[in-house]
Amino acid sequence: MSLQQSLVGRGKFITLEGLEGVGKTTNRELIESQLSAAGIDFIGTREPGGTPIGEQLRELVLSTRGSMQAETELMIMVASRLELVSQLIEPALAKGQWVLCDRYLDASVAYQGAGRALGVERVLQLHALMGVTLTPDLTLLLDMSVKDGLARMVARGKPDRIENEAVEFFERARQAYLQRAVAEPKRIEVIDASLSKDDVGASVARAVRRLIQSV
Ligand code: T5A
């Protein structure tokens with residue numbers, strides 16, 4: 001470790017999670033402003049994607065052309081994550097930068113583990129096998145009813161392959177997210193995403209402020 005690294009310390013890793021249309025992108029922008037105002041050096045990224053290979057994988061996995069086995073979908077998500085963690089997230093954290101990521105491993109647990117019914121344990125085992133074991137310091141789970149979240153998404157138009165899934169798929173994913181929050185209350189903060197943008201933003205900002213104050 002260089003002298004500068006030991007002085008700065010390791011950065012913090014924040015993830016945003018939740019179903020379609022719950023406001024992850026909206027709140028990602030708010031957090032970015034908050035971190036900038038606090039003078040924190042950070043990078044923002046997203047999943048699937050975030051690296052040149054990851055962005056190609058994103059296009060492939062979200063394309064509406066043709067069908068795909070659930071296992072294939074999971075492996076593409078893991079491959080994109082592996083690239084992102086090794087090329088971008090780990091090096092940034094090691095340099096003392098904070099990382100803000102729109103979706104991460106909890107999304108695979110929810111969407112592939114529960115939504116596609118591949119099994120939560122199987123999803124976690126695959127990550128462990130591939131060495132993707134990095135855990136966020138803070139996860140903001142934006143939660144609201146599937147119906148209302150999908151309505152926001154529909155208003156935006158042009159659904160991708162996963163957004164075309166049935167309501168039951170998203171209900172299973174939502175329950176898996178909430179179960180993870182119960183199992184890891186220190187890491188995962190559940191935020192009521194059905195409230196106004198201002199109220200959701202205020203809850204998000206409070207959680208991020210607590211993390212900033214903890215260092
Ligand atoms: N996926 C991803 C997996 O299946 N497994 C995985 O492991 C991973 C990593 C990614 C897809 O891949 C899947 C999940 C996804 O299906 P994506 O485009 O990155 O797709 O993610 P989406 O969730 O589809 O992103 P969206 O843009 O649809 O949703 P956001 O970002 O949550 O919502 P946002 O901020 O764009 O807001 C949506 C609309 O609602 C409004 C906004 O202005 C916007 O119009 N809005 C509000 N309106 C009222 N009140 C509020 N509080 C509002 N907040 C936002």
Side-chain angles (χ1 to χ4, degrees), residues 8-19 22-35 37-47 50 77-78 81-82 84-85 88-115 119-144 149 172-195 199-215:
V8 172
R10 189 174 161 84
K12 295 286 180 192
F13 181 27
I14 305 173
T15 57
L16 278 159
E17 295 281 0
L19 299 183
V22 292
K24 294 177 297 300
T25 309
T26 307
N27 286 285
R28 179 179 155 186
E29 287 161 10
L30 284 180
I31 299 172
E32 288 178 349
S33 306
Q34 190 181 4
L35 294 179
I40 292 170
D41 184 14
F42 71 93
I43 56 165
T45 188
R46 68 168 179 181
E47 280 204 358
M77 297 296 179
V78 177
R81 186 161 302 130
L82 184 55
L84 187 66
V85 170
L88 206 76
I89 300 180
E90 272 296 359
L93 295 174
K95 274 193 294 192
Q97 283 182 307
W98 287 37
V99 177
L100 176 58
C101 195
D102 191 338
R103 297 189 183 277
Y104 181 64
L105 200 153
D106 295 309
S108 287
V109 168
Y111 281 75
Q112 281 69 49
V120 168
E121 273 315 307
R122 221 163 143 210
V123 170
L124 294 174
Q125 280 165 6
L126 181 63
H127 282 85
L129 197 64
M130 293 298 128
V132 184
T133 53
L134 178 68
T135 305
D137 296 289
L138 172 66
T139 296
L140 298 160
L141 172 56
L142 301 177
D143 179 64
M144 66 191 287
R172 286 195 295 276
R174 182 184 184 204
Q175 291 314 316
Y177 266 137
L178 291 172
Q179 279 164 17
R180 262 178 103 64
V182 169
E184 295 187 61
K186 283 204 177 122
R187 170 174 74 88
I188 305 178
E189 173 128 0
V190 182
I191 289 173
D192 183 351
S194 69
L195 301 176
D199 285 345
V200 175
S203 300
V204 165
R206 256 196 310 278
V208 173
R209 198 175 313 122
R210 273 198 299 276
L211 184 64
I212 294 173
Q213 286 167 348
S214 75
V215 295

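Quantities reported herein were computed from a predicted structural model and do not represent experimental measurements.
Note that the OG1 atom of Thr15 and the CG atom of Leu138 stand 7.0 Å from one another [nearest 0.5 Å]. Considering NZ of Lys24 and OG1 of Thr26, their distance stands at 9.0 Å, rounded to 0.5 Å. The distance from atom OG1 of Thr45 to atom CG of Leu84, rounded to the nearest 0.5 Å, is 4.5 Å. Distance check, rounded to the nearest 0.5 Å: CD of Glu17 to CD1 of Ile191 gives 12.5 Å. Rounding to the nearest 0.5 Å places NZ of Lys95 at 8.0 Å from CG of Asp41. To the nearest 0.5 Å, atom CG of residue Leu16 and atom SG of residue Cys101 are 8.5 Å apart.
No donor-acceptor distance shorter than 3.5 angstrom exists from the side chain of Tyr177 to the backbone of Leu19, with no hydrogens or angles considered. In this structure, the side chain of Gln97 does not engage the main chain of Gly11 through any donor-acceptor pair within 3.5 Å. At least one donor-acceptor pair closer than 3.5 Å links the side chain of Arg174 to the backbone N or O of Met144. One N or O on the side chain of Arg103 and one on the backbone of Gly18 form a donor-acceptor pair closer than 3.5 Å.
With contacts defined as side-chain heavy-atom distances shorter than 4.5 Å, the pair Val182/Leu178 does not qualify. Taking 4.5 Å as the limit, every side-chain heavy atom of Arg81 sits out of range of all side-chain heavy atoms of Met130. You'll find the side chain of Val132 reaches within 4.5 Å of the side chain of Tyr104, heavy atoms only. Counting only heavy atoms from C-beta outward, the side chains of Asn27 and Leu140 never approach each other to under 4.5 Å. No side-chain heavy atom of Leu105 sits under 4.5 Å from any side-chain heavy atom of Leu134. Under the 4.5 Å side-chain criterion, counting only non-hydrogen atoms from C-beta, Ile43 is in contact with Leu88. Side-chain contact between Val208 and Leu30 is absent, with no heavy-atom pair separated by less than 4.5 Å.
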Pair Val120, Val123 - check side-chain contact (heavy atoms from CB on, under 4.5 Å), show working.
CA-CA 5 Å; Val120 168; Val123 170; 5.8 Å; no
Check the pair Ser214, Asp137 against side-chain contact (heavy atoms from CB on, under 4.5 Å), reporting the backbone distance first and the verdict last.
CA-CA 11 Å; Ser214 75; Asp137 296 289; over 6 Å; no
Under the criterion side-chain contact (heavy atoms from CB on, under 4.5 Å), I'd like the reasoning laid out for Trp98 against Leu211: C-alpha separation, chi angles, the key distance, then a yes or no.
CA-CA 11 Å; Trp98 287 37; Leu211 184 64; 3.8 Å; yes
Checking Gln34 against Arg209 for the side-chain contact (heavy atoms from CB on, under 4.5 Å) test, could you report, in this order, the C-alpha distance in whole Å, the side-chain angles of both residues, the deciding distance, and whether it holds?
CA-CA 8 Å; Gln34 190 181 4; Arg209 198 175 313 122; 4.0 Å; yes
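Contact between Ala176 and Ala114 at its shortest, heavy atoms only, is CB-CB, 3.5 Å. Annotation for His127 and Ser108: closest pair CE1-CB, 4.0 Å, computed over non-hydrogen atoms. Closest approach of Ile188 and Ala181 over heavy atoms only: CG2-CB, 3.7 Å.
Side-chain atoms of Thr139 and Arg180 form no donor-acceptor pair, as typed in the model, at a separation below 3.5 Å.
Using a 4.0 Å cut-off between charged side-chain N and carboxylate O, Asp106 and Arg187 make a salt bridge.
Of the options Leu93, Val215, Leu100, Ile40, a side-chain contact (heavy atoms from CB on, under 4.5 Å) to Lys12 is made by Val215 and by none of the others.
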